[in-house]
Amino acid sequence: MSFLDKMKSRYTVKKYNSKGTISEDKIQQLKDILHLSPSSINSQPWNFIFVSNPEIREKLGEASYWNKEKVVESNLLIVFQVLKDPEDFEKQIEGKLPEGSVNYYKNFVKSKGEAAIKSWLRHQVYLSLGVLLSACADMGIDSTPMEGIEPDQYDNILNNAQYETLFAVAIGQRDENDTNQPGINPKTRLDHTKVVLEF
Ligand SMILES: Cc1cc2nc3c(=O)[nH]c(=O)nc-3n(C[C@H](O)[C@H](O)[C@H](O)COP(=O)(O)O)c2cc1C
């Protein structure tokens with residue numbers, strides 16, 4: 001199947017088969033794929049937390065509004081976090097990235113102030129979301145990206161000191177009756193001509 005056909009058949013799962021499984025090999029591949037995500041100047045300001053523990057998933061589910069069932073009944077939850085403090089980020093890149101990259105950060109990002117720095121760091125993590133969703137589509141793994149969570153509660157539960165939660169992705173196997181499947185609920189997008197332009 002072409003990648004285009006895989007993108008046509010992937011969708012946001014609303015109901016999971018709680019008995020579905022994902023092989024260890026595929027989970028390892030997803031970890032390696034996320035680890036390889038591209039980011040501006042190779043900044044990598046992220047942590048990806050793979051949560052399989054049912055008790056932790058239950059607690060995270062309670063902090064996930066209308067997404068609770070997806071968090072609890074999917075096969076695995078991946079929480080995407082970003083470095084909280086720009087100073088920690090600077091320490092992470094000093095001496096590790098080429099001088100030109102560190103200078104790019106200082107001259108073009110840091111100079112714009114804290115809000116712009118934090119926004120730039122977050123953008124990098126969202127790129128890795130695109131990578132993960134595309135990888136899932138390619139590998140035949142069903143997924144649900146979720147911003148509809150309580151990030152502060154996630155942080156309290158996961159307690160990963162230097163990082164804060166941005167969003168999460170549930171992965172697994174769809175319930176065969178999930179009504180959001182494209183076969184039942186066809187995908188909707190803005191007109192092609194409105195979003196893809198040729199000059
Ligand atoms: C960053 C992001 C956050 C999202 N948050 C949620 C969410 O909290 N709950 C949910 O059911 N879907 C969520 N979605 C799914 C979108 O609504 C969905 O991708 C969009 O409607 C397109 O549908 P499709 O993924 O089925 O093609 C989110 C998607 C993205 C990219």
Side-chain angles (χ1 to χ4, degrees), residues 1-18 20 22 30 33-34 37-40 43-51 56-84 118-158 163-196:
M1 202 196 282
S2 70
F3 187 61
L4 174 59
D5 284 333
K6 288 175 178 174
M7 286 303 285
K8 285 180 182 164
S9 54
R10 73 145 290 285
Y11 76 105
T12 292
V13 173
K14 303 289 182 183
K15 186 159 178 48
Y16 280 91
N17 171 0
S18 57
I22 306 173
L30 289 180
I33 288 165
L34 277 173
S37 285
S39 54
S40 179
S43 49
Q44 306 166 75
W46 46 49
N47 264 186
F48 310 113
I49 306 185
F50 282 63
V51 188
I56 301 177
R57 294 247 307 267
E58 190 63 40
K59 285 186 194 160
L60 294 174
E62 293 297 334
S64 304
Y65 305 116
W66 63 94
N67 288 312
K68 179 181 174 181
E69 276 192 356
K70 297 158 205 157
V71 170
V72 174
E73 291 177 1
S74 58
N75 304 108
L76 190 65
L77 186 74
I78 308 170
V79 181
F80 289 66
Q81 296 192 324
V82 67
L83 268 172
K84 257 192 265 195
K118 289 197 160 185
S119 165
W120 180 81
L121 293 172
R122 286 165 184 223
H123 288 155
Q124 311 313 320
V125 186
Y126 273 84
L127 283 176
S128 69
L129 168 63
V131 170
L132 181 85
L133 295 179
S134 302
C136 286
D138 184 58
M139 293 164 70
I141 298 171
D142 288 325
S143 63
T144 311
M146 294 172 291
E147 281 180 319
I149 61 171
E150 293 180 82
D152 291 348
Q153 294 299 330
Y154 269 55
D155 291 344
N156 290 339
I157 295 162
L158 297 169
Y163 293 81
E164 62 188 349
T165 299
L166 295 179
F167 53 86
V169 179
I171 60 173
Q173 203 176 68
R174 71 188 73 172
D175 181 289
E176 59 179 355
N177 297 317
D178 182 11
T179 52
N180 205 36
Q181 299 177 72
I184 302 172
N185 184 21
K187 270 183 187 296
T188 59
R189 294 293 190 263
L190 294 172
D191 277 353
H192 208 288
T193 51
K194 184 171 166 56
V195 290
V196 182

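Each ligand, and each atom within it, is numbered from 1 in the order the structure gives. Remember, it's a predicted structure, so these values are computed and weren't measured experimentally. Only heavy atoms go into these numbers, but all of them, side chains included; no hydrogens, no water, no symmetry mates.
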> Can Arg57 and Glu73 be said to form a salt bridge (charged side-chain N to carboxylate O under 4.0 Å, His left out), step by step?
Replying inline: CA-CA 9 Å; Arg57 294 247 307 267; Glu73 291 177 1; over 6 Å; no
N or O contact, [X] vs ligand 1, cut-off under 3.5 Å:
| X | answer |
| --- | --- |
| Arg189 | yes |
| Tyr11 | no |
| Leu133 | no |
| Asn180 | no |
| Arg10 | yes |
| Pro145 | yes |

>> Measuring from non-hydrogen atoms of Trp66 to any atom of ligand 1, is the shortest distance under 4.0 Å?
In response: yes
> Given Tyr11 and Ser143, is the side-chain hydrogen bond (donor to acceptor under 3.5 Å, both in side chains) satisfied, shown in steps?
Replying inline: CA-CA 7 Å; Tyr11 76 105; Ser143 63; over 6 Å; no
Please list the nearest protein heavy atom to [atom] with its residue and the distance rounded to 0.1 Å.
| atom | value |
| --- | --- |
| atom 27 (O) of ligand 1 | Lys187 NZ, 2.4 Å |
| atom 9 (N) of ligand 1 | Asn67 OD1, 3.0 Å |
| atom 20 (C) of ligand 1 | Thr12 OG1, 4.6 Å |
| atom 1 (C) of ligand 1 | Glu147 CD, 3.6 Å |

>> Set out, in order, the CA-CA distance, both residues' side-chain angles and the distance that settles side-chain hydrogen bond (donor to acceptor under 3.5 Å, both in side chains) for Asp175 and Asn17, then state yes or no.
In response: CA-CA 4 Å; Asp175 181 289; Asn17 171 0; over 6 Å; no
> Could you walk me through whether Gln81 and Thr165 pass the side-chain hydrogen bond (donor to acceptor under 3.5 Å, both in side chains) check?
Replying inline: CA-CA 4 Å; Gln81 296 192 324; Thr165 299; 3.0 Å; yes
> Looking at Lys14, which atoms of ligand 1 are within less than 4.0 Å of one of its heavy atoms?
Replying inline: 10 (C), 11 (O), 12 (N)
>> Show me which atoms of ligand 1 lie under 4.0 Å from any heavy atom of Gly148.
In response: 8 (O)
>> Please report whether the ring centroid of Tyr126 lies less than 6.0 Å from that of Phe80.
In response: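 No.
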> Taking heavy atoms and a distance under 4.0 Å, where does Ile149 meet ligand 1: side chain, backbone, both or neither?
Replying inline: neither
